[in-house]
Amino acid sequence: MNISIIGTGYVGLVTGACLASQGFNVMCCDMDTDKIEKLKNGLLSIYEPGLSELVNNCLQRDNLSFTSSIAETVAYSDVLFITVNTPVLEDNTCDSKYIDAAADEIASQIDSYKVIVNKSTVPVGTGRRIGTLISRVLAERGVKITFDIVSNPEFLREGSAINDFLNPDRIIVGANSTSARQILRKIYSFQLEKGIPLIESNIETAEMIKYASNTFLAAKISFINEISNICELCSADALTVARGTGLDKRIGAEFLEPGPGFGGSCFPKDIKTLSGLAAALSYDPIFINSVIEVNRRQKNRMIQKIESAAGPLDNKTITVLGLSFKADTDDVRESPSEAIIRELLEKKAIIKVYDPKAMEVMKKQNPGLRIMYCDNAYDACLDSECIILATGWNEFKKLDFKKLAKLVKKPVFMDLRNIYDPLLVRSYGFYYEGVGRI
Ligand code: NAD
Ligand code: UGA
């Protein structure tokens, strides 16, 4: 079967490469011509573990191709996946211009039956709306062509995207047509044969499942961050509290790690969009809004902790280890680390940073940011008066504290990812603080 993908970012490229690795013929399209030219030569613009190898294997097998031509992409296959970006606007509504443009482009090109599968995260009602948009364009063209719309939300995480795509906890297919559902079952036969559950629903339900999932996960993080803040005030250890709580199967152990607040390209935007959707439906989403508010305060709390440990920040050299919003990705979108750096710069601190993968992306996206990029963690810690561990990269899990103690000007270690045993770090003469730790 041939499959087309429109939008070759994290989700589009992972979807395309994984489907090609399962034997489908896949064509990926993007309007970013630089990205496509690089991909044709096997070069990726993003870091995702294992993805470069997978893309290059499929290029060699000749069943994965790249193009900037929407006409070529639409003609290539009867199944078109939309995986474009869906940012949130200031007023908490979704900026639908990319998905609308993709639908419009499809509508102006199709000449036979197509299944249009939306994988982007979109407000409930979008599938129906783009269906109407496509019908309108077809009517303007004066052609009678049938098509089906499917909502097939994606649940992969950056850093473990390939495994998450190939082995998801569930597959969600929202469609109103039996033939479209059958085609989706064929596409996901590899996963379904392994016993991965499939939920079929109407389009609106599938769209809502995505928002409900991301909001619940983000709520768990805001919950444990709030608990950890209370722990700090009453000598309780948040990590043990999280473990003792998460072992209850009804609660579950995952997503209970306290830290600097959730970031990334999705949780912050999706939760705001769901809040905006509820407001547009005249519903006041107080729980969802408090998830956002706790997260906003968590970043401020990190600054307060840093200030109380390091003293006034004016002209102080501060090290930030980690720029990406989490380990194993070079994505810095809504990174807590970046938010903290900006606040420290406001307070006139001198910032030295190191990240194993995200420094180039950070430089490109923030050309004016006055920070010193260093070659490794130890260079970044030279003459430091406070080390902030902001991202949990493996490389930061085995720091040589004996060496660090000799390099720094003042031994202060702020472990915002709770990687280290406080007693170990303190044994090297450091002042240590984690998040919610005793
Ligand atoms: P991204 O920004 O990495 O990639 C989107 C790509 O779409 C870009 O390369 C852009 O140039 C391209 N594009 C936009 N409009 C286009 C058009 N009309 N024609 C061709 N190309 C077009 O975004 P992403 O992180 O892959 O996210 C895509 C969607 O998937 C979003 O809705 C997001 O919420 C959702 N999602 C993302 C993740 C994730 O981990 N990143 C996981 C699950 C779901
Ligand atoms: C998240 C979801 O986990 C995916 O299921 C979803 O598909 C994706 O969003 C999306 O819709 O884009 P992702 O943003 O890649 O994936 O990363 P996560 O691992 O969920 O982490 C998000 C943020 O929460 C990071 O800043 C991370 O450090 C933070 N986090 C996570 C915590 O602070 N504590 C935790 O216990 C877990």
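Both counts, for ligands and for their atoms, begin at 1 and track the order of listing. The basis for the numbers below is simple: all heavy atoms, side chains too, and nothing from hydrogens, waters or symmetry mates.
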Nitrogen or oxygen of Lys119 less than 3.5 angstrom from that of ligand 1: no
Can an N or O of Asp32 be found at a distance shorter than 3.5 Å from an N or O of ligand 1? no
Is Ser77 reaching over with its side chain to a backbone N or O of Asn2, donor-acceptor style, under 3.5 angstrom? yes
Is it the case that the side chain of Tyr420 and the backbone of Phe413 share a donor-acceptor pair, with hydrogens and angles ignored and the cut-off at 3.5 Å? no
Judging by distance only, is a nitrogen or oxygen of [X] under 3.5 angstrom from one on ligand 2?
X	result
Thr121	no
Leu156	yes
Leu217	no
Arg157	no
Ser265	no
Ile221	no
Cys266	no

Give the atom numbers and elements of ligand 2 that come within less than 4.0 Å of a heavy atom of [X].
X	answer
Lys210	6 (C), 7 (O), 10 (C), 11 (O)
Glu257	32 (C), 33 (O), 34 (N), 35 (C), 36 (O)
Glu158	15 (O)

Phe401-Phe430 aromatic ring centre distance below 6.0 Å: yes
Close side-chain approach of [X] and [Y], heavy atoms under 4.5 Å:
X	Y	result
Met414	Val412	yes
Thr86	Thr273	no
Ile145	Lys114	no
Ile162	Leu166	yes
Val122	Ser96	no
Val361	Leu323	no

Side chain, backbone, both or neither: the part of Ser120 lying under 4.0 Å from ligand 1 by heavy atom: both
If you have a sec, work out which protein heavy atom is nearest [atom] and how many Å separate them, to one decimal?
atom	answer
atom 42 (C) of ligand 1	Leu156 O, 3.4 Å
atom 28 (C) of ligand 1	Val84 O, 3.4 Å
atom 1 (P) of ligand 1	Gly9 CA, 4.0 Å
atom 34 (O) of ligand 1	Lys269 NZ, 2.6 Å
atom 17 (O) of ligand 2	Lys326 NZ, 3.1 Å
atom 25 (O) of ligand 1	Arg333 NH2, 3.5 Å
atom 1 (C) of ligand 2	Phe267 CE2, 3.5 Å
atom 6 (C) of ligand 1	Asp30 OD2, 3.5 Å
atom 14 (O) of ligand 2	Phe325 CE1, 3.5 Å
atom 23 (O) of ligand 1	Asn85 CB, 4.1 Å
atom 39 (C) of ligand 1	Glu158 OE2, 3.6 Å

Which segment of Glu154 sits under 4.0 Å of ligand 2 when only heavy atoms are counted: backbone
Would you say Arg181 has more than 12 foreign heavy atoms packed within less than 6.0 Å of its CZ? yes
Exceeds 12 heavy-atom contacts within 6.0 angstrom, atom CD of Glu140: yes
Charged N to carboxylate O below 4.0 Å: is that the case for Glu232 and Arg301? yes
Is the shortest distance from a Lys or Arg side-chain nitrogen in Glu338 or Arg342 to a carboxylate oxygen in the other one below 4.0 Å? yes
Do any heavy atoms of [X] fall under 4.0 Å from ligand 2?
X	answer
Glu254	no
Leu256	yes
Arg417	yes

List ligand 1 atoms under 4.0 Å from [X], heavy atoms only on the residue side.
X	value
Glu154	43 (C), 44 (C)
Lys210	43 (C)
Cys266	33 (C), 34 (O), 36 (N), 37 (C), 38 (C)
Ile6	19 (N), 20 (C)
Thr83	5 (C), 28 (C)

Are a donor atom and an acceptor atom from the side chains of Tyr113 and Asp148 found within less than 3.5 Å of each other? yes
Return yes if a side-chain donor-acceptor contact under 3.5 Å exists between Glu343 and Asn300, otherwise no. no
Cation-pi geometry met for Lys220 and Phe255 (6.0 Å, 45°): no
Answer yes or no for Arg157: is there a heavy-atom contact with ligand 1 below 4.0 Å? no
Picking from Ile303, Val435, Ile340, what satisfies side-chain contact (heavy atoms from CB on, under 4.5 Å) with Pro260? Ile340
Do you know which two heavy atoms are closest between Ser228 and Gln298, and how far apart they sit? OG-NE2, 4.4 Å
Hey, looking at atom 36 (N) of ligand 1, which of Asp164, Val11, Ile5 has the closest heavy atom? Val11
Hey, what's the ring geometry for Phe165 with Tyr188, parallel, tilted or perpendicular (30° and 60° as the breaks)? tilted
Steps toward side-chain contact (heavy atoms from CB on, under 4.5 Å) verdict (Val173, Arg185): CA-CA 9 Å; Val173 173; Arg185 276 187 225 143; over 6 Å; no
